Undergrad: 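Attaching a single structure in structure tokens format; questions to follow.
Any value given below was found using the heavy atoms of this structure, including those in side chains, with hydrogens, waters and symmetry copies removed. Given the structure is predicted, the values throughout are model-derived calculations rather than measurements.
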Amino acid sequence: MAGKIKAIRGMRDILPPETTRWQAVENAAREVFRVYGYREIRLPVIERTELFARSIGTETDIVSKEMYTFADRHGDSLTLRPEATAAVLRAVLENGLDKAAGVKKLYTLGPMFRYERPQKGRYRQFHQINCEALGSDAPELDAEVILMLSDILKKVQLGASRLLVNSLGCPGCQAEFKAGLSQFLMSKEGLCEDCQRRRVTNPLRVLDCKSVHCKEILTDAPVLKDYLCPDCAAHFARVLELLSRFGVTYEEQPRLVRGLDYYTRTAFEVVAVGLGAQDAVAGGGRYNGLAQELGGPELPAIGFAIGEDRLMEVLPENLGQNAGKTVFLAALGDPAKDQAFSLLQALRQEGIAAEMDFSGKSLKAQMSLADRLAADYTVILGDRELETGKANLRRMATGDQQEVSLSLLPMVLAGL
RNA sequence: GUGGGCGUAGCUCAGACGGUAGAGCACCGGGUUGUGGCCCCGGUUGUCGCGGGUUCAAGUCCCGUCGCUCACCCCA
């Protein structure tokens with residue numbers, strides 16, 4: 001144990017049967033994306049460091065202290081992606097996808113990396129399901145994206161959760177709010193150390209400080225909603241109206257600002273109960289200025305990320321475990337084994353999950369194995385069966401057994 | 001980066017005052033010369049995280065170290 005090489009800190013193996021649940025979630029997401037017109041994009045997990053620095057914001061925790069950054073052999077500074085949006089946008093601009101007609105709807109799945117101290121629901125390599133809709137500032141799109149997220153979460157049977165929404169305004173009103181907030185914060189004593197720094201560098205971040213003392217001070221801080229310009233206010237109202245119309249329950253959360261600098265207007269988060277401190281299973285928002293920030297054209301967009309690792313923690317244990325039937329072939333003696341192997345392949349070609357033992361176990365041991373593999377049926381094949389041309393077909397749940405002609409077995413099993 | 005808890009068999013864990021390592025589960029075999037799940041019997045598995053110290057003797061005490069975990073922070 002001492003000398004064995006282990007997975008590195010904050011990274012882990014996801015093993016069966018757990019992987020079945022992951023597949024169920026990913027399949028559900030793909031299906032929902034399909035009906036909403038989203039298509040998959042696959043991206044590198046490494047990008048130039050500058051991409052993230054410019055998009056996420058140098059003052060954010062992600063960029064300032066959580067990135068896996070290293071120099072490659074040519075001395076270029078590269079970073080394991082801490083999130084997907086910047087990379088999606090880079091790919092869109094680089095490949096000219098933004099020039100296509102209509103709203104560009106993309107999704108992507110995969111690992112992200114952040115160098116943080118691991119804890120429950122927080123890993124250094126974690127997995128996200130991401131979607132991005134680019135090319136429209138219409139509030140209907142905001143609503144659609146949130147509805148789609150809601151559909152996915154419903155489909156995977158997420159239990160108790162809350163949807164928090166807020167509007168961060170456009171650069172215009174957000175700047176005004178920041179100024180007002182800044183003034184307010186500067187006039188206050190006793191903010192925590194972090195917030196004293198943040199009130200200068202990024203006053204919005206102070207709003208979701210967890211310190212009870214800071215929260216107290218913030219109770220009569222200016223509220224973003226009061227600062228929204230008419231356009232932003234109307235946009236937000238329309239989004240909320242649509243959510244209500246489709247029966248999505250949400251909570252307005254005026255303190256929700258999120259950790260990335262690029263968000264504008266709609267921001268939202270889904271928190272699950274029973275997850276401990278890291279309870280956000282999904283989060284997202286609009287990022288109208290990001291494309292230009294990255295040297296592209298004006299390209300209003302909105303997206304979200306689902307944290308798969310966290311989501312798994314609260315989903316039903318048996319998610320996706322309703323596989324089709326399994327057949328086990330128990331063979332006695334070499335001639336029967338040989339025959340069984342042919343049958344094994346015949347069943348598999350029919351799409352039936354079939355297994356047998358190659359090691360020459362006793363029938364008892366093979367039955368036991370069939371049981372542990374959760375076989376629904378076991379075919380027993382020995383010299384006697386080879387002679388009569390009929391195998392014993394045993395239904396494991398009941399123990400009922402019947403003789404079936406060997407040549408008919410694949411057909412009979414397919415029909416069960 | 002900061003704090004708390006914990007590191008004993010593949011897994012979950014027990015090991016009062018230091019005396020030379022156990023249980024359950026799992027796994028393999030037998031009870032049934034060709035029939036699983038229950039039951040019974042037998043068997044395999046450990047550098048007691050690592051290093052050092054105290055001691056006749058350390059899983060047990062002390063120091064250090066590494067790892068895991070939860071929380072702060074932050075976020076998916």
Undergrad: From the list B/rA76, B/rC74, B/rG67, which nucleotide is the closest neighbour of the side chain of A/F126?
TA: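 Nearest to the side-chain atoms of A/F126, counting from C-beta on, is B/rA76.
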
Undergrad: Can you identify which nucleotide, out of B/rC27, B/rG34, B/rG36, has its nearest atom closest to the A/R372 side chain?
TA: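 The listed nucleotide nearest to A/R372's side chain is B/rC27.
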
Undergrad: Distance only, no hydrogens: is a donor on one side chain within 3.5 Å (strictly under) of an acceptor on the other, for A/R30 and A/Y107?
TA: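 A donor-acceptor contact under 3.5 Å links the two side chains.
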
Undergrad: In the structure I gave you, are the side-chain heavy atoms of A/S167 and A/T266 within less than 4.5 Å of one another anywhere?
TA: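 The answer is no; the side chains never approach within 4.5 Å.
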
Undergrad: Indicate whether OP1 or OP2 belonging to B/rU35 is found under 4.0 Å from a side-chain N or O atom of A/R395.
TA: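 A/R395 to B/rU35 OP1/OP2: no side-chain N or O under 4.0 Å.
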
Undergrad: Quick check: does any side chain N or O of A/Q349 sit under 3.5 Å from a backbone N or O of A/A346, one acting as donor and the other as acceptor?
TA: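 No; judged by distance alone, with no hydrogens or angles, the pair does not exist.
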
Undergrad: Can you tell if the side chain of A/V281 reaches within under 4.5 Å of the side chain of A/E313, non-hydrogen atoms only?
TA: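 A side-chain contact is absent here, since even the closest heavy-atom pair is not under 4.5 Å.
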
Undergrad: Using Watson-Crick or G-U wobble geometry with both distances below 3.5 Å, tell me the partner of B/rC39, or none.
TA: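 With both distances under 3.5 Å, B/rC39 matches B/rG31.
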
Undergrad: Provide the distance between the two C1' atoms, one in B/rG19 and one in B/rG3, to the nearest whole Å.
TA: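 Taking atom C1' in both B/rG19 and B/rG3, they lie 38 Å apart.
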
Undergrad: Describe the nucleic acid contact of A/D309 in one word from base, sugar-phosphate, nothing, applying a heavy-atom distance below 4.0 Å.
TA: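 If one applies the 4.0 Å heavy-atom cut-off, A/D309 turns out to touch nothing in the nucleic acid.
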
Undergrad: Measure from the side-chain heavy atoms of A/K364 and tell me the nearest of B/rG34, B/rC72, B/rG36.
TA: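 Out of B/rG34, B/rC72, B/rG36, the nucleotide with an atom closest to A/K364's side chain is B/rG36.
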
Undergrad: Where the side chain of A/Q128 is defined as all heavy atoms beyond and including C-beta, which of B/rG36, B/rA76, B/rC73 is the nearest nucleotide?
TA: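 Selected nucleotide: B/rA76.
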
Undergrad: From B/rA76, B/rC72, B/rG36, pick the nucleotide closest to the side chain of A/A277?
TA: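 Out of B/rA76, B/rC72, B/rG36, the nucleotide with an atom closest to A/A277's side chain is B/rC72.
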
Undergrad: Which of these nucleotides, B/rA76, B/rG34, B/rG36, is closest to any side-chain atom of A/R310?
TA: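 Comparing B/rA76, B/rG34, B/rG36 against the side chain of A/R310, the answer is B/rA76.
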
Undergrad: Compare side-chain N and O positions of A/Q119 against OP1 and OP2 of B/rC72 and report whether any pair is under 4.0 Å apart.
TA: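 Yes, because at least one side-chain N or O of A/Q119 sits under 4.0 Å from OP1 or OP2 of B/rC72.
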
Undergrad: Checking contacts here: which listed nucleotide (B/rC73, B/rC28, B/rA76) is nearest the side-chain heavy atoms of A/Y263?
TA: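 Among B/rC73, B/rC28, B/rA76, the one nearest the side chain of A/Y263 is B/rA76.
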
Undergrad: Less than 6.0 angstrom from the centroid, inside 45 degrees of the normal: does A/R124 satisfy that with respect to the ring of A/Y115?
TA: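 Positive - A/R124 is close enough to the ring of A/Y115 and near enough to its axis.
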
Undergrad: Specify the glycosidic conformation (syn or anti) of B/rA16, with syn defined as within 90° of 0.
TA: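 Syn, since the glycosidic angle lies within 90° of 0.
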
Undergrad: Using a cut-off of strictly less than 4.0 Å, decide whether A/R117 has a side-chain nitrogen or oxygen near OP1 or OP2 of B/rA71.
TA: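 Indeed not, no polar side-chain atom of A/R117 lies that close.
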
Undergrad: For A/K120 and A/A282, take the nucleotide of RNA chain B holding the closest heavy atom to each; which residue's nucleotide lies nearer the 5' end?
TA: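 Nearer the 5' end of the strand: A/K120.
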
Undergrad: A/D61 has a side chain; which of B/rG31, B/rA71, B/rC74 sits nearest to it?
TA: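 Looking only at heavy atoms from C-beta outward on A/D61, the closest nucleotide is B/rC74.
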
Undergrad: Could you tell me how far B/rA57 sits from B/rU65 if I compare only their C1' atoms? Round to whole Å.
TA: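 My reading of the C1' atoms in B/rU65 and B/rA57 gives 25 Å.
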
Undergrad: Verify the contact: side-chain N or O of A/R122 to OP1 or OP2 of B/rU69, cut-off strictly under 4.0 Å; return yes or no.
TA: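 Indeed not, no polar side-chain atom of A/R122 lies that close.
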
Undergrad: Could you say whether A/R114 or A/I8 is positioned toward the 5' end of RNA chain B, judged by the nucleotide with the nearest heavy atom to each?
TA: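 Counting from the 5' end, the first nearest nucleotide belongs to A/I8.
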
